[in-house]
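Keep in mind that this is a model prediction, so the values were computed, not measured.
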Amino acid sequence: MNRGDFEQALRAKGQYYHIHHPYHKAMYGGDCTPEQIRGWVANRYYYQINIPRKDAAIMANCPDASVRRLWLQRVLDHDGHIDDEGGIEAWLSLAEAVGLTRDEVTDQRHVLPGVRFAVDAYLNFARRATWQEAACSSLTELFAPEIHQSRLDSWPQHYPWIQTDGYAYFRKRLSEARRDVEHGLTITLDHFTTAAQQARALEILQFKLDILWSMLDALTMAYQHRTPPYHTVTGQPVWHRGL
């Protein structure tokens, strides 16, 4: 494919983005219970704290200092720096806004095995893949502004019990995701130029989309179908309490 057609093929993968998952549709449609919202926030925290680790792995595998300098901003966006507490801190503010305590989120007591497995698979991929392949996996950011905006548009109306200061993370990521995707897209379009390479890039992007979708599948089983892991042998699991 030429450069333009390849970019369009990457963008077409948006049909598989988790904004289309029934769990997410329920969230922005106002159909989630407080427990389901809290379950999502608590589990998504595990993804959030592993994003800077993923980005650090990309930088560790990248010999190009100019790329590392630009990619470093992603780590700072999440971990914070002197002028900004960062996205992980903003996510903890969201957790408090939906009625969770910091301790129960940071100790990961609510993280479902399926969510942990999916996130760990993504981190391990970033560590083992070439840095260009790992950068390509970040291109779900092509679709991220829409999902953040959907939460900002719908949650205050549907969930007035959520404290409004908790929405800072979504506002913050609107601009950051747009900036990041320009860099990641340029790397992907520059590096994946043959038919075989472009097919591989599309496969990698689908893998990342599968990660995000699988996380919501796990939440669906636990918080919508009421069949969390091991429920048949242990009774009510610890990650189900207090949500």
Side-chain angles (χ1 to χ4, degrees), residues 1-21 24 44 46-79 87 115-150 172-217:
M1 289 177 280
N2 62 39
R3 192 178 182 91
D5 288 345
F6 180 36
E7 180 176 345
Q8 285 305 113
L10 291 166
R11 292 184 181 276
K13 285 290 187 179
Q15 66 181 311
Y16 302 110
Y17 192 51
H18 62 163
I19 195 172
H20 303 298
H21 192 286
H24 196 276
R44 179 80 180 189
Y46 188 67
Y47 178 83
Q48 299 301 133
I49 61 174
N50 277 287
I51 291 301
R53 297 179 69 195
K54 175 268 298 183
D55 290 323
I58 292 173
M59 289 192 296
N61 290 331
C62 177
D64 189 329
S66 64
V67 172
R68 294 198 305 269
R69 281 193 294 268
L70 289 174
W71 209 271
L72 177 61
Q73 185 60 49
R74 296 171 184 248
V75 176
L76 297 176
D77 286 343
H78 281 81
D79 282 347
V115 169
R116 189 181 299 276
F117 187 86
V119 173
D120 288 351
Y122 182 39
L123 179 58
N124 288 332
F125 170 79
R127 287 169 169 166
R128 296 169 182 170
T130 67
W131 70 268
Q132 295 98 332
E133 288 182 331
C136 175
S137 73
S138 75
L139 288 183
T140 49
E141 291 164 343
L142 285 166
F143 324 116
E146 180 183 1
I147 209 168
H148 296 314
Q149 191 63 57
S150 75
K172 175 181 172 65
R173 287 304 297 165
L174 279 174
S175 60
E176 290 176 352
R178 291 189 180 100
R179 178 206 64 211
D180 291 346
V181 77
E182 292 180 10
H183 186 212
L185 183 59
T186 298
I187 290 171
T188 299
L189 295 177
D190 286 347
H191 178 74
F192 297 87
T193 56
T194 70
Q197 288 174 329
Q198 290 172 350
R200 174 60 177 159
L202 292 168
E203 182 181 78
I204 290 168
L205 182 52
Q206 185 63 57
F207 163 74
K208 174 62 181 306
L209 291 162
D210 291 347
I211 293 291
L212 297 173
W213 198 274
S214 296
M215 290 168 63
L216 291 180
D217 282 348

- Point-to-point distance, once rounded to the nearest 0.5 Å, from CE of Met59 to CH2 of Trp131: 12.5 Å
- Sequence neighbours left out, what passes ring-ring contact (aromatic ring centres under 6.0 Å, His included) with Tyr16? Give chain and number order. none
- Message: Is any side-chain heavy atom of Gln132 closer than 4.5 Å to one of Gln197?
- Response: no
- Query: Between Phe125 and Ser137, what is the shortest heavy-atom contact and its length?
  - Reply: CE2-CB, 3.9 Å
- Are Glu133 and Asn61 close enough that some pair of their side-chain heavy atoms sits under 4.5 Å apart? no
- Item | Residues forming a side-chain hydrogen bond (donor to acceptor under 3.5 Å, both in side chains) with Arg68, sequence neighbours excluded | none
- Of all heavy-atom pairs linking Arg74 and Gly184, the shortest is NH2-N, 3.9 Å
- Think Arg200 forms a cation-pi with Phe192, using NZ or CZ under 6.0 Å from the six-ring centre and within 45 degrees of its axis? no
- Is there side-chain contact between Trp213 and His20, with at least one heavy-atom pair below 4.5 Å? yes
- When rounded to the nearest 0.5 angstrom, what distance separates CG in Leu209 from CD in Gln206? 5.0 Å
- Query: Is it true that Glu7 and Arg3 have a side-chain N and a carboxylate O under 4.0 angstrom from each other?
  - Reply: no
- Would Leu10 and Leu189 count as a side chain to side chain contact (heavy atoms under 4.5 Å, CB included) if you check the C-alpha gap in whole Å, the side-chain angles of each, and the deciding distance to 0.1 Å? CA-CA 10 Å; Leu10 291 166; Leu189 295 177; 4.2 Å; yes
- Item | Student check: side-chain heavy atoms of Lys208 and Leu139 closer than 4.5 Å | no
- Query: Roughly how far, to the nearest 0.5 Å, is CD1 of Ile204 from OG1 of Thr188?
  - Reply: 8.0 Å
- Query: Under the side chain to side chain contact (heavy atoms under 4.5 Å, CB included) criterion, do Leu212 and Tyr17 qualify, and how do the steps go?
  - Reply: CA-CA 8 Å; Leu212 297 173; Tyr17 192 51; 3.8 Å; yes
- Decide yes or no for His21 and Asp217: does some side-chain heavy atom of the first lie under 4.5 Å from some side-chain heavy atom of the second? yes
- Query: Is there side-chain contact between His191 and Cys136, with at least one heavy-atom pair below 4.5 Å?
  - Reply: no
- Item | Side-chain donor/acceptor of Asn50 to backbone N/O of Arg53, under 3.5 Å | no
- Task: Hey, could you give me the CG/CD1 distance between Leu216 and Ile211, rounded to the nearest 0.5 Å?
- Result: 12.0 Å
- Query: Can you check whether Ser138 reaches Lys54 side chain to side chain, under 4.5 Å on heavy atoms?
  - Reply: yes
- Hey, are the side chains of Tyr122 and Asp210 touching, using non-hydrogen atoms and a 4.5 Å cut-off? no
- Does the Gln198 side chain pair with the main chain of Met1, one donor and one acceptor, at a distance under 3.5 Å? yes
